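Contents: one structure, followed by commentary.
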Protein chains: 2
Amino acid sequence: MHIQEELQITKPLEPGHEVALALLLTREYVARLFDQALYEPEDLSDQQFNVLRILKGGGKDGYLVKDIRCRMIYRFADVPRLVNRLEARGLVKRCENPADRRGSRVQITVKGLALEARMHDRHQALSQQVDRCLSVEERTQLLAMLERLRDDYRTQLEALAK
Amino acid sequence: MHIQEELQITKPLEPGHEVALALLLTREYVARLFDQALYEPEDLSDQQFNVLRILKGGGKDGYLVKDIRCRMIYRFADVPRLVNRLEARGLVKRCENPADRRGSRVQITVKGLALEARMHDRHQALSQQVDRCLSVEERTQLLAMLERLRDDYRTQLEALAK
DNA sequence: CTGATTTACATGGTGAAACACCTATTTCCT
DNA sequence: AGGAAATAGGTGTTTCACCATGTAAATCAG
């Protein structure tokens, strides 16, 4: 369904604006599907699951909060409190970091690993269904275009910051 | 910059997962740029601006709350309260709807129109910069692929709802 | 025409997000 | 080594989003 139809926009759209809208809108679908199919059933938020995945992917020493943050999709995430909530559920734990006592190392627990494992298969199944609508070349192109857009947006953001 | 580099992911990514990640991540950049360059300076949220644009694009009779909602990018938006805040700032107003007295018509005010107009040029400038990184054919392809993805995700969501 | 259902919206309460601020520790500079 | 600056992350507060509930009006069924 075209964006204009979906959002009931009658006026013609500026081309760049259409791309931006398409990205925002498509992301809503992705996020919503993963929410409903994956996160809500386990009473996790997407960000909480993201933390679990990051910890699972890391070494067994765990990560500092800052190391988690820079791996998050959303860069302004309130990681300390995300970790608090996961810790309250026994999915992660904090332990002292002798090397730098300003921060503690966050590690995923056995219970956390089990939860992640339980969700992993469905996560992959959801992801793979994307492949049905895109050929290999298309996917490569799509990724390349998104990457170019990100690089451009990043440049603009840095220009703004000055 | 590649996703794996950006998020410091060492393991190889499932292709479908990479697409999903790319969408989520690229959207963050878009949202952040628009936030910083456009919305924050006017102390508006993206959703509030979205409402203003919708109302400006509509007829001068304004829209019912439900008509606004179905045009929002984020479909679960708390439109009544969004309108409340805009109304408190004098950017929109509600007036009675004789045809169906369950809801009121929300209209953009002169002040709201002025604000939207003030933001419009910068909005277009931001949007047009997207065009610098994509050729016309690429843009068309990108929009088509995103549309296919949305259609697929929508199908999956509907299947879930049953 | 009357009662039941649906629709449209508002609102109340809860939990999380966003902002800044604060403290402890480390690093850098001289 | 000693003090300034930077870094890490915890916390307080306000705002907002989200869920469920409530209410009024329209629609439908008989």
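Below, chain A is the first sequence line, B the second, and so on; all start at residue 1. Just so it is clear, the structure is predicted and the values come from calculations on it, not from any experiment.
Nearest to the side chain of R101(A), among dT11(C), dA25(D), dT26(C), sits dT26(C). Among the nucleotides dA10(C), dG10(D), dA8(C), the one closest to the side chain of S104(B) is dA10(C).
Each of Q156(B), R154(B), R148(B) was scored for a side chain to side chain donor-acceptor pair (under 3.5 Å) with D152(B), with one residue passing: Q156(B).
The shortest distance between the side-chain N/O atoms of Y63(A) and the OP1/OP2 oxygens of dG9(D) is not below 4.0 Å. When the side-chain nitrogen and oxygen atoms of R81(A) are compared with OP1 and OP2 of dA18(C), none of them lie within a distance under 4.0 Å. Contact check, Y74(B) against dC16(D): no side-chain N or O comes under 4.0 Å of OP1 or OP2. Within the structure, a side-chain polar atom (N or O) of R85(B) is placed less than 4.0 Å from OP1 or OP2 of dC16(D).
Atom CG in N97(B) sits about 13 Å away from atom P in dA25(D), given to the nearest Å. Here dT25(C) presents its C1' atom at 14 Å from NZ of K66(A), a figure rounded to the nearest Å. Atom CD of E87(A) is separated from atom P of dG9(D) by 14 Å (rounded to the nearest Å). Following rounding to the nearest Å, M72(B) (CE) and dC18(D) (P) show an atom-to-atom distance of 11 Å. At whole-Å resolution of the value, CD in E96(A) and C1' in dG10(D) are 15 Å apart. Atom CD1 of I73(B) is separated from atom C1' of dA17(D) by 17 Å (rounded to the nearest Å). Summarising the geometry, the separation between CZ on R69(B) and P on dC18(D) is reported as 12 Å, rounded to the nearest angstrom. As a whole-Å value, the separation of L64(B) CG from dA26(D) P is 12 Å.
Of the residues in residues 34-58 of chain A, not one comes within less than 4.0 Å of DNA chain C through any heavy atom.
Rounding to the nearest 0.5 angstrom, the gap separating the CD1 atom in I54(B) from the CD atom in Q47(B) is 9.5 Å. Put simply, CD on E6(B) and CD on E147(A) are 8.5 Å apart, with the number rounded to the nearest 0.5 Å.
Within 4.0 Å of D78(B), counting heavy atoms only, lies at least one base atom of the nucleic acid. Among the atoms of the strands shown, only primed sugar atoms or phosphate atoms (P, OP1, OP2) are found under 4.0 Å from some heavy atom of R94(B).
Between F76(B) and Y74(B), the ring-plane angle classifies as perpendicular under the 30° and 60° cut-offs. Between Y39(B) and F49(B), the ring planes are tilted. Angles from 30° to 60° get that label.
If you find the closest nucleotide of DNA chain D to L82(B) and to G103(A), the one lying nearer the 5' end belongs to G103(A). Between V65(A) and F76(B), it is V65(A) whose nearest contact on DNA chain D lies nearer the 5' terminus.
For dT7(D), the base has a donor-acceptor partner in the side chain of R102(A) [N/O atoms by modelled type, under 3.5 angstrom].
You'll find the side chain of R81(A) reaches within 4.5 Å of the side chain of D78(A), heavy atoms only.
Residue V106(A) is grouped with residue I9(B) when hydrophobic side chains (ILVMFWY) are merged at heavy-atom distances under 4.5 angstrom, including chains of intermediate members.
A distance-only check finds a donor-acceptor pair linking the side chain of Q107(A) to the backbone of D61(A) [under 3.5 Å].
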